[in-house]
Amino acid sequence: MSKPPHPMPAVTDVDIRLLRVFRTVVECGGFSAAEVELNIGRAAISLHMADLERRLGLSLCRRGRAGFRLTEEGRLAYEAALRLLAGLESFRSEINAAHGRLRGELNIGIIDNLVTLPQMRVTDALRGLKVQAPEVRVNIRMVPPNEIERGVLDGRLHVGVVPARRALPGLARLPLYEEESRLYCGRGHPLFDAPPDMVTRAAVEAADAVAPTQGPLPHPLNTTATATDREGVAFLLLTGCYVGFLPVHYARQWVERGAMRALLPDSHRHRLEFHAVTKKGVPPNLVLERFMGLLEAGAGALPSEGGARPVRDAAADT
């Protein structure tokens, strides 16, 4: 597509609306997947995208049998759109703060399968925010930890909940809780019905294991499969062909039904801290400040930097 001979004119409300459609299409991975999110049909999305390409004078994406992908120009436009939309939301939040009103959006990134955690303080903080600020629109995205951290840093997300595996510069942290994980196998696995004296370290380390793609295993295992999230680990454990680590609170539903068994629970267990992360040095945002205050109150008023032990998941020890 040929580029316009002159710079792009002033950004209008129409441009903003089309850029929001563009952002959603990219984040959903294509036109079809974005239909539900946008609540419009694929034909309408296609028209919006064509209109945006015409207004920008750029070819933004390719579609075909290989699937949806951004062009290099599309990638640059997407990154610029994220900065623009984040700036607009920041402006709106600051103006609302000047009026003392809690309005606007709160964009949160959370990793999968935390909702079964007995002390999931994010739920309590969201409840408090809804009561105190009913006009705030909450948007939750379930994405891997590295995407959450990137989203907070580039402004797509206001706050994220991630494992405390590393300390990225530019992120402020609020300790929330610890999560205990143990090693499990599913019904049908050779170790599932084995007597305790047969479930040895050597037997466990020789078994086929599934490992998460995010982060190293806490104990050496014979990794022959990987999964991007905890649900993927659970799927493979339930085949009866693998061993692998799962959080106690998440595995409990299958343990109670007799579909999973913990292996070497005294030695093959580990705890992982979870933190709420926000971007350092951002302008005041009344909605985010209120939400973080609610989170901090629920976490026992722990300081947001190091030196305090997060509250333990007591239910994991039962």
Side-chain angles (χ1 to χ4, degrees), residues 107-126 140-154 156-184 209-221 223 225-237 243-252 262 265 268-280 288 291-292 295-296 298-300 302-317:
N107 299 318
I108 308 174
I110 306 176
I111 70 168
D112 69 306
N113 304 127
L114 286 183
V115 71
T116 52
L117 193 66
Q119 294 174 328
M120 184 53 173
R121 293 180 181 84
V122 172
T123 303
D124 295 333
L126 288 172
I140 294 180
R141 297 197 175 277
M142 311 300 292
V143 286
N146 59 329
E147 291 187 29
I148 293 174
E149 291 169 332
R150 285 200 304 268
V152 171
L153 287 172
D154 65 26
R156 283 177 294 158
L157 299 173
H158 296 116
V159 59
V161 178
V162 296
R165 291 195 177 103
R166 55 181 179 171
L168 286 182
L171 291 179
R173 293 179 174 270
L174 171 68
L176 293 179
Y177 46 77
E178 285 184 340
E179 176 187 76
E180 180 182 324
S181 291
R182 297 180 185 174
L183 186 68
Y184 294 92
V210 53
T213 56
Q214 299 281 338
L217 285 170
H219 296 274
L221 295 175
T223 301
T226 61
T228 58
D229 53 37
R230 298 160 176 203
E231 188 172 10
V233 172
F235 265 113
L236 289 173
L237 294 185
V243 301
F245 283 93
L246 280 179
V248 171
H249 66 86
Y250 184 54
R252 184 176 289 127
H268 282 56
R269 59 196 293 174
H270 68 97
R271 286 185 174 273
L272 183 61
E273 296 179 7
F274 279 81
H275 291 176
V277 295
T278 54
K279 186 177 180 180
K280 292 180 179 178
L288 179 59
F291 178 73
M292 293 303 294
L295 265 186
E296 190 166 352
L302 294 177
S304 58
E305 298 300 332
R309 179 180 175 84
V311 179
R312 294 182 55 179
D313 172 16
D317 292 328

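Quantities reported herein were computed from a predicted structural model and do not represent experimental measurements. Computed over heavy atoms, backbone and side chain alike; hydrogens, waters and symmetry mates excluded.
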### Task
Could you check if a side-chain atom of I110 sits within less than 4.5 angstrom of a side-chain atom of F274, using non-hydrogen atoms only?
no

### Query
Where is the tightest heavy-atom contact between H275 and P175, given as atom of each residue plus distance?
CD2-CA, 3.4 Å

#### Entry: Heavy-atom closest contact (P212 atom, L217 atom, distance)
CD-CD2, 3.9 Å

### Task
Just jot down the ring pair (Phe, Tyr, Trp, His ring centres under 6.0 Å) partners of H219, sequence neighbours excluded, or say none.
F245, H268

### Message
I need the minimum non-hydrogen distance between P163 and L272, along with the two atoms involved.
### Response
CB-CD2, 3.6 Å

#### Entry: Heavy-atom closest contact (R230 atom, P247 atom, distance)
NH1-CG, 3.3 Å

### Query
Quick one: does V152's side chain get under 4.5 Å of V162's, heavy atoms only?
no

#### Entry: Spacing of N107 atom CG and R141 atom CZ [to the nearest 0.5 Å]
7.5 Å

### Task
Would you name the heavy atoms of A172 and K280 that are closest together and state the gap between them?
N-CG, 3.6 Å

### Task
Find the distance between CD1 (I140) and CD1 (I108) and round it off to the nearest 0.5 Å.
5.0 Å

### Spacing of CD belonging to E296 relative to CZ belonging to F291, to within rounding of 0.5 Å
12.5 Å

### Message
For A209 versus L221, what's the shortest heavy-atom pair and its separation?
### Response
CB-CB, 3.7 Å

#### Entry: Gap separating the CZ atom of R182 from the CG atom of L246, nearest 0.5 angstrom
12.5 Å

### Between CD on residue E147 and CD1 on residue I111, distance to nearest 0.5 Å
12.5 Å

### Message
Whether the side chain of R121 engages the backbone of L176 through a donor-acceptor N/O pair (distance < 3.5 Å, no angle test) should be reported.
### Response
yes

### K279 NZ to E149 CD distance, which is reported to the nearest 0.5 Å
14.0 Å

### Residue pair L174 / V159, side-chain heavy-atom distance below 4.5 Å
no

### Query
Are side-chain heavy atoms of L153 and L171 found at a separation under 4.5 Å?
yes

